Amino acid sequence: MKYREEDIQEIIYTRQLEGIGERLEEDIAGILNRTGMYFRIFNRAKTSFSIAQKLSKEGYGFGEEEKKLQDLIGLRVVVYYQDDMNIIRTILERTFRRVGAWSETESTNEEFKASKLNGVFRIPDEYQRIYSGNFSQLPIDRTFEVQLRTVSFEGWHEIEHDMRYKSPHGDEFWRNNEDLSRTLNCVLANLELCDWSTLSVFDKLSYYHYEEGNWEMMMKGKFRLRFEAQPLSPELVAFLDDNPVVAYCLYRCDRAKVIFALMQERHENITYDLVVKAANESAASYEAKTQRRLTKLCHEVIGRDRTQKMERLDLRPLDITPSFQLNVTLMHSPLKDVHQEFMSAVHLIGAWAQGRFRNIAEDIPTTPVDYELHVPGFNIKVLGNLSLGFYKMSMDYVDTTRKGVVWRTNVSLELSERIRMNVSCDYCHTPDRLVRDSFSKPRFVDEIFRKIGYEDVLPMSLKPRKIKTMRELEEISAFTADHSRSLPVILAVEEEDSERQINVNRLAETIGTYAHVFLLDKKAIPILMEISDYSKEELMGAVWVTFQGGEDKFYTRDMIADSRFDFNKYAFDQGNVYEKAFRHKLVRLIKEKNCCL
């Protein structure tokens, strides 16, 4: 099928694709910066002309034997050292959801080919949401490609593509000049030798400094990272002098293991002290007593030198995105006066505001009285009257850790026979930017829940309620269909194999203040089979989610087992298993629905 450039221009929103590419580049660079490796990263979105050219080639289409274009968005990561390619490959595999196998250079002992490592990954949902187009009528996957190259081969690939593979003259360009083509291949062989020789030089240099006891220079040659100018602390130099077994381990340890350990550290710059700490925690081959002594010493020197750096805010006009919403009735204890509960809730909200505005204002009230404060970057207004049973607070404040971000919180309490609470939070950010981590629940929401409690027709709980009988199941069904209910309902079915069971307790702890979580006892599955169209196999280990308005989602055990993180920037800290991935997906779904109320 012929795809015309003019038609593709009508379908593909190139500027939005470029925006996704920019944000992918930004996030990948942020992750790789934690490693200290030397790298460059670039992104590009295919033009309509390039898409039309590629789709016109044989093999592209919607047929079973045909393939789809997978590099609508492309990124290239260029490393300075050849062994960094496999490290970055591992990082990308743990961070994004890979599609298919890596494409690697295949060559024999008698030939030279340009070294390449290309991987295709699914574009995460949070990136796709900023794309408003629909290219389903084209054979294009919602994927992006990452190409890994060394500096030596980066320029070579550009030359080879332009002068060989993409030459408009085809084979005619080199006809009758095979000797020159062979000469060009000799250049390629030298490039491969350059990559290998560079590593060999620094390995030998590292060994020389190890024998001389120059620990800092040994580490420079061994790890080849972007070290801060700050030298190795004298205390650590003395420790390595006195403990040659530790110095030898530092010289012989697995470089990749240490780099992965660095990714678990919270740091702004890579220092020699930090690398010693990471190596001690990830690759120690000496006795535990020595390891503990070094751990304590590293903690002391790193804690002493760590400083906080504030970035200057780049203020721009802001867009507003909902961050958290909650509309509930506070629980009432017969042993307490409802006015006392009202005052307690006001106090918790006021104390939270004091914490937010510490060093800005000292007189924010924790009682229902009128109050205003307006200073650059911080605004608060309180209206309150105990006799009328009314309290309302509006607050705006800048985020000092992120550029161009302002948080806006509104909370109101209305007292009649019971207390009704309404909370709304907004995340104000620079326009045309991908909003990350926009869900933010104020701390007072949890504090009021612990001290007083919430009701949404039924009491809210941080522990899942277990459903065992027909009567309980009918009650939950009626509750789910109740139009006065405002929060989502999650019903997880107990699994025969406890190791395959979704962690319902952890789920309730996470979202129990803004969603109802129930667990159906496996003994009650036959009852549910009678009133539903599902089989026992379909129900076992399944999860139902019901939102306001009757929107339902049903996940079978197989669907849960197929869950994977498609973007997990904390893969090295948290791991990546299907149960956690599904629970992460479920929590994100609940949070997104909360922000869209």
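Source: prediction; values computed, not measured.
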Does atom [atom1] of [X] have more than 12 heavy-atom neighbours from other groups under 6.0 Å away?
X: Arg506; atom1: CZ; result: no
X: Glu6; atom1: CD; result: yes
X: Arg588; atom1: CZ; result: yes

Side chain to side chain, [X] and [Y], heavy atoms closer than 4.5 Å:
X: Leu262; Y: Val275; result: yes
X: Val120; Y: Asp71; result: no
X: Ile73; Y: Leu24; result: yes
X: Leu69; Y: Pro139; result: no
X: Arg557; Y: Glu537; result: yes
X: Leu92; Y: Trp102; result: yes
X: Val328; Y: Val423; result: no
X: Val78; Y: Arg76; result: yes

Once rounded to the nearest 0.5 Å, what's the spacing between atom [atom1] of [X] and atom [atom2] of [Y]?
X: Glu538; Y: Met559; atom1: CD; atom2: CE; value: 11.0 Å
X: Asp83; Y: Leu199; atom1: CG; atom2: CG; value: 5.0 Å
X: Glu5; Y: Ser56; atom1: CD; atom2: OG; value: 11.5 Å
X: Leu225; Y: Ile259; atom1: CG; atom2: CD1; value: 5.0 Å
X: Asn327; Y: Asn422; atom1: CG; atom2: CG; value: 4.5 Å
X: Ile8; Y: Ile140; atom1: CD1; atom2: CD1; value: 6.5 Å

Q | With sequence neighbours excluded, residues passing salt bridge (charged side-chain N to carboxylate O under 4.0 Å, His left out) with Asp482 | A |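 With neighbours one apart ignored, the set is empty.
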Q | Pair Phe378 + Tyr397: ring centers closer than 6.0 Å | A | no
Q | Steps toward side chain to side chain contact (heavy atoms under 4.5 Å, CB included) verdict (Phe439, Ile590) | A | CA-CA 10 Å; Phe439 182 90; Ile590 299 296; over 6 Å; no
Q.
For the residue pair Trp544 / Asp552, report whether a side-chain donor-acceptor contact shorter than 3.5 Å exists.
A. no
Q.
Is it true that Asn118 and Arg149 share a donor-acceptor pair across their side chains at a distance under 3.5 Å?
A. yes
What are the two closest non-hydrogen atoms of [X] and [Y], and how far apart are they?
X: Ile11; Y: Gln137; answer: CD1-NE2, 3.6 Å
X: Arg255; Y: Phe223; answer: NE-O, 2.9 Å
X: Ser323; Y: Tyr427; answer: CB-N, 3.9 Å
X: Met37; Y: Phe39; answer: O-CD2, 3.3 Å
X: Arg583; Y: Asn503; answer: CD-O, 3.6 Å
X: Ile87; Y: Phe260; answer: CG2-CE2, 3.8 Å

(Q) Tell me whether the NZ or CZ atom of Lys67 lies within the 45° cone about the ring axis of Tyr60 and under 6.0 Å from its centre. (A) yes
Q. Within 45 degrees of the axis of the six-membered ring of Tyr131 and under 6.0 Å from its centre: does Arg142 put its NZ or CZ there?
A.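 Pair Arg142/Tyr131 does not count as cation-pi.
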Pair [X] + [Y], salt bridge at N-O below 4.0 Å:
X: Lys593; Y: Glu551; answer: yes
X: Arg23; Y: Glu26; answer: no
X: Arg485; Y: Asp456; answer: no

Quick one: does [X]'s side chain have a donor or acceptor within less than 3.5 Å of a partner on [Y]'s backbone?
X: Glu66; Y: Phe62; answer: yes
X: Arg226; Y: Gly36; answer: no
X: Thr35; Y: Ile31; answer: no
X: Asp426; Y: Cys428; answer: no
X: Gln501; Y: Glu495; answer: yes
X: Asn594; Y: Gln325; answer: yes
X: Arg98; Y: Gly100; answer: yes

Q. Is there a side chain to side chain contact (heavy atoms under 4.5 Å, CB included) between Tyr514 and Lys441 once you walk through the steps?
A. CA-CA 10 Å; Tyr514 50 95; Lys441 179 178 56 173; 4.0 Å; yes
Q. Between Thr556 and Asp558, is a side-chain hydrogen bond (donor to acceptor under 3.5 Å, both in side chains) present by the stated rule, with each step listed?
A. CA-CA 5 Å; Thr556 65; Asp558 289 341; 5.2 Å; no
**Q.** Residue from Asn410, Thr409, Asn379 passing side chain to side chain donor-acceptor pair (under 3.5 Å) with Ser394
**A.** Asn410
Q. Under the side chain to side chain contact (heavy atoms under 4.5 Å, CB included) criterion, do Thr95 and Phe121 qualify, and how do the steps go?
A. CA-CA 10 Å; Thr95 305; Phe121 302 87; over 6 Å; no
Q: Check the pair Leu148, Val79 against side chain to side chain contact (heavy atoms under 4.5 Å, CB included), reporting the backbone distance first and the verdict last.
A: CA-CA 8 Å; Leu148 303 182; Val79 298; 6.0 Å; no
Q: Let me see the working for Phe96 and Tyr127 under ring-ring contact (aromatic ring centres under 6.0 Å, His included), right down to the final yes or no.
A: CA-CA 12 Å; Phe96 296 97; Tyr127 294 90; 7.0 Å; no
